[in-house]
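Some notes on the structure that comes next.
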Amino acid sequence: MTTQQLHEQILQKKSFLCVGLDPDLAKMPQHLLETEDPIFEFNKAIIDATHDLTVGYKPNTAFFEAYGIKGWISLQKTINYINENYPEIFTIADAKRGDIGNTSSMYAKAFFEDLNFDSVTVAPYMGKDSVEPFLAFENKHTIMLALTSNEGAFDFQTLNTNGKELYKQVLETSKTWKNSENLMYVVGATKAEYFTEIRKIVPDSFLLVPGIGAQGGSLSEVCKYGMNDKIGLLVNSARAIIYASKGTDFAEKAREEALSVQKEMAEIIGLKFQV
Ligand SMILES: O=c1ccn([C@@H]2O[C@H](COP(=O)(O)O)[C@@H](O)[C@H]2O)c(=O)[nH]1
């Protein structure tokens, strides 16, 4: 998918919501646990209930890997289900990969070719040769951690290195890499006050923004400081939507939560762009 197609979908749906698919058997409705593949059944119900309100789905691979081979099969079924039924939707494998170049190439093949995700998250710590193999894929997107939503972000990411905070150095350096137009960046919603500075470095890039909902970040603050003239944001919420209910009405309640976020987004888009 191209960024232009993603932008068009955002305008059409009046939404820049990305629903996080973080399936946890301990939090799922009891009746699903009796099915052969509860994780897939759960995801499928959430997807069917929210696909018109969201422009992206972000399965976090940890929640699949935790269940071994069965989890990987559920992940494959989930991405296939989205691609076959809702091909307009942008998909993100939240896997936070990155290794020496030779190994990164294999990670990139796994997520872009075998699983056919539109994008994958990567960590920048190993530098240029660990990320460029992902960037080589046409119409695929590499979403690099810049300033994360957790408290530990302050351990390294905001450290001053040669007169500049590390996350700023990461953003600036990454722009010099081959095929850097295929980069997007993760910036936590809990760090809204940093968006102005981030936009000075990457004014046109899409930012994946986790941290509204369960982590308490503010959608309106993120939009105030992080939105660009093409919107440029994908705001993720997982637990607040997918675990809105543990009963048989879980998908219905997930839709209600997603709708409430989408309505707020539509209002913001309307105010900013007069549409
Ligand atoms: O900085 C980051 C990077 C990734 N995440 C991931 O996003 C979701 C957030 O889930 P919620 O339930 O909406 O809190 C989850 O998969 C995280 O691993 C993040 O939160 N912050």
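Predicted model only: the values in this text are computed from it and were never measured. Numbering of ligands and ligand atoms starts at 1, following listing order.
In terms of N/O distances under 3.5 Å, ligand 1 is approached by A238. In terms of polar-atom proximity, defined here as any N/O pair under 3.5 Å, D22 does make such a contact with ligand 1.
Selection from V186, I143, N236, D94 by nearest heavy atom to atom 6 (C) of ligand 1 gives D94.
The part of N60 lying near ligand 1 is the side chain, judged by heavy-atom distances below 4.0 Å. Using a 4.0 Å cut-off between heavy atoms, K96 contacts ligand 1 through its side chain alone, with no backbone atom that close. Under 4.0 Å from ligand 1, the heavy atoms of P210 that appear belong solely to its side chain.
The nearest protein atom to atom 1 (O) of ligand 1, hydrogens excluded, is given as S149 N, 2.8 Å; this is a heavy-atom distance. When only non-hydrogen protein atoms are considered, atom 9 (C) of ligand 1 lies nearest to Q215 NE2, 3.6 Å.
When hydrophobic clusters are built by joining Ile, Leu, Val, Met, Phe, Trp and Tyr residues whose side-chain heavy atoms come closer than 4.5 Å, directly or via intermediates, M28 is grouped together with F64.
Close approach of ligand 1 to R239 (heavy-atom distance below 4.0 Å) involves ligand atoms 11 (P), 12 (O), 13 (O), 14 (O). For ligand 1, the atoms sitting less than 4.0 Å from at least one non-hydrogen atom of T148 are 1 (O), numbered in the order shown with element in parentheses. Taking a cut-off of under 4.0 Å to the non-hydrogen atoms of K58, the atoms of ligand 1 that pass are 6 (C), 7 (O), 8 (C), 15 (C), 16 (O).
Heavy atoms of N150 stay at 4.0 angstrom or farther from ligand 1.
A distance below 6.0 Å separates the ring centres of F250 and F42. The ring of F117 has its center no closer than 6.0 angstrom to the ring center of F137.
In this model, no donor atom of one side chain and acceptor atom of the other lie less than 3.5 Å apart for T2 and N139. A donor-acceptor contact closer than 3.5 angstrom links the side chains of Y57 and T50. Side chains of E8 and Q12: no donor on one and acceptor on the other come within 3.5 Å. For D118 and T91, the side-chain atoms include at least one donor-acceptor pair closer than 3.5 Å.
Geometrically, K191 engages F154 in a cation-pi contact, judged by NZ or CZ lying under 6.0 Å from the ring centre and within 45° of the ring axis.
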